[in-house]
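Below is one structure, written out as structure tokens; comments come after it.
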Amino acid sequence: MNAIHFFIIAVPRNVVALFGKSFDEKVQSALERVRGQFPGSNINAQVDNESVTLTGSASDLDTKSRIMAAFNDAVETKNTVNNLTVNQPAPNLANPLAAKAAPGLTTATEQRMHEVASGETLSHLARRYYGDASKHGKIFEANRDQLNDPDKIKVGQKLKIPV
């Protein structure tokens, strides 16, 4: 009687190159493609397992969101975190009225707004705006009118970020 044997072999990511591109190579290829689509932006990627963190800078919030979407269209990841910063002109502090009119600046009585990009969570936003991911509840409470669950935010939603 003939016996059939099955073997399971663990293959490191860099060996996958024998059968196709490794995950790191796919990320680098996607990164090059996205850099070509957004000249003037500084885009880098940090890979951790099959998650990617985008770093660098974009000219404005819309470009930041478009970079994230283009990257996600170019490569499939388990999670992509958008840590791109937005280049904003420095406020003219000599003229308080000019500082008030500068885009992206808020006063204590104003609400900041954030358009959700793919891969973002309330914890990511809390870390970005407050430096502490555990303050995500503050953002959730400010957006109770459109959020029922803090884990269910959608790409394109415009969320209030309390000052």
Side-chain angles (χ1 to χ4, degrees), residues 23-24 26-163:
F23 182 72
D24 291 337
K26 290 177 183 178
V27 167
Q28 287 306 313
S29 177
L31 193 56
E32 289 173 23
R33 188 175 322 144
V34 172
R35 284 176 179 153
Q37 292 174 332
F38 299 93
S41 295
N42 173 20
I43 311 165
N44 299 300
Q46 297 170 341
V47 178
D48 180 23
N49 210 357
E50 290 191 18
S51 295
V52 177
T53 300
L54 295 178
T55 59
S57 60
S59 59
D60 56 52
L61 191 57
D62 180 55
T63 302
K64 175 182 173 175
S65 296
R66 291 187 4 236
I67 289 170
M68 179 76 160
F71 183 81
N72 282 334
D73 286 344
V75 66
E76 185 175 332
T77 68
K78 285 185 180 176
N79 186 33
T80 304
V81 178
N82 190 344
N83 277 349
L84 293 168
T85 59
V86 175
N87 298 330
Q88 294 180 349
N92 179 355
L93 299 178
N95 181 350
L97 295 177
K100 182 169 175 57
L105 298 179
T106 60
T107 64
T109 59
E110 294 177 338
Q111 291 281 332
R112 290 178 282 197
M113 297 299 289
H114 178 87
E115 185 172 342
V116 176
S118 179
E120 291 182 322
T121 65
L122 292 183
S123 293
H124 289 117
L125 298 179
R127 185 174 53 232
R128 175 179 173 193
Y129 288 102
Y130 306 126
D132 183 353
S134 69
K135 294 186 177 180
H136 65 276
K138 186 174 182 178
I139 299 171
F140 177 67
E141 289 302 322
N143 292 281
R144 283 287 211 172
D145 58 326
Q146 59 179 325
L147 297 177
N148 295 323
D149 184 334
D151 295 324
K152 294 183 181 176
I153 63 174
K154 298 179 184 129
V155 173
Q157 269 184 310
K158 291 180 175 52
L159 300 178
K160 296 179 279 280
I161 309 293
V163 178

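Here the structure is a predicted model, which means the values were calculated and not measured.
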- Answer yes or no: is there a side-chain heavy-atom contact under 4.5 Å between Asp60 and Thr63? yes
Between the CG atom in Asn44 and the OG1 atom in Thr53, the distance rounded to the nearest 0.5 Å is 11.5 Å
Query raised in the report: Does a donor on one side chain and an acceptor on the other come within less than 3.5 Å for Ser134 and Asp132?
Result: yes
Residues passing the side chain to side chain donor-acceptor pair (under 3.5 Å) test with Arg33, sequence neighbours excluded, are none
Worksheet item: Do Glu141 and Lys138 meet the salt-bridge criterion of a basic N to acidic O distance under 4.0 Å?
Response: no
Checklist entry - Under 3.5 Å, side chain of Thr85 to main-chain N/O of Gly56, donor-acceptor pair present? => result yes
On a heavy-atom basis, the closest approach of Gly119 and Asn79 is O-OD1, 4.1 Å
To the nearest 0.5 Å, atom CG of Asn148 lies from atom CG of Asp151 at 12.5 Å
A side-chain contact here means heavy atoms from C-beta on lying under 4.5 Å apart; do Val163 and Tyr129 qualify? no
dist Phe23:CZ -> Thr77:OG1 (nearest 0.5 Å) comes out at 5.5 Å
Would you find a donor on one side and an acceptor on the other, under 3.5 Å apart, between the side chain of Lys26 and the backbone of Val75?
-> no
Check the side chains of Ser65 and Asp62 for a donor-acceptor pair under 3.5 angstrom, ignoring hydrogens and angles. no
Sorted by chain and residue number, the side-chain contact (heavy atoms from CB on, under 4.5 Å) partners of Lys154 (sequence neighbours excluded) come out as Gln157
Residues Ala45 and Leu54: closest non-hydrogen pair is CB-CD2, 4.1 Å
Measuring only between side-chain heavy atoms, which start at C-beta, is Phe71 closer than 4.5 Å to Asn82?
no
Looking only at heavy atoms, the pair that brings Phe140 and Pro150 closest together is CE1-N, 3.5 Å
Original post:
Does the Glu120 side chain pair with the main chain of Ile153, one donor and one acceptor, at a distance under 3.5 Å?
Top reply: no
Value for CG (Asn143) from CG (Leu159), rounded to nearest 0.5 Å, stands at 4.5 Å
Ile67 and Ala58 have their tightest heavy-atom pair at CD1-CB, 4.0 Å
Closest heavy-atom pair, Ala142 versus Pro162, reported as atoms and distance to 0.1 Å, is CB-CG, 3.5 Å
When rounded to the nearest 0.5 Å, the distance separating CZ of Arg112 from NZ of Lys160 is 14.0 Å
dist Leu122:CG -> Asp149:CG (nearest 0.5 Å) comes out at 9.0 Å
Minimal heavy-atom distance between Leu84 and Ser57, with the atoms involved, is CD2-N, 3.8 Å
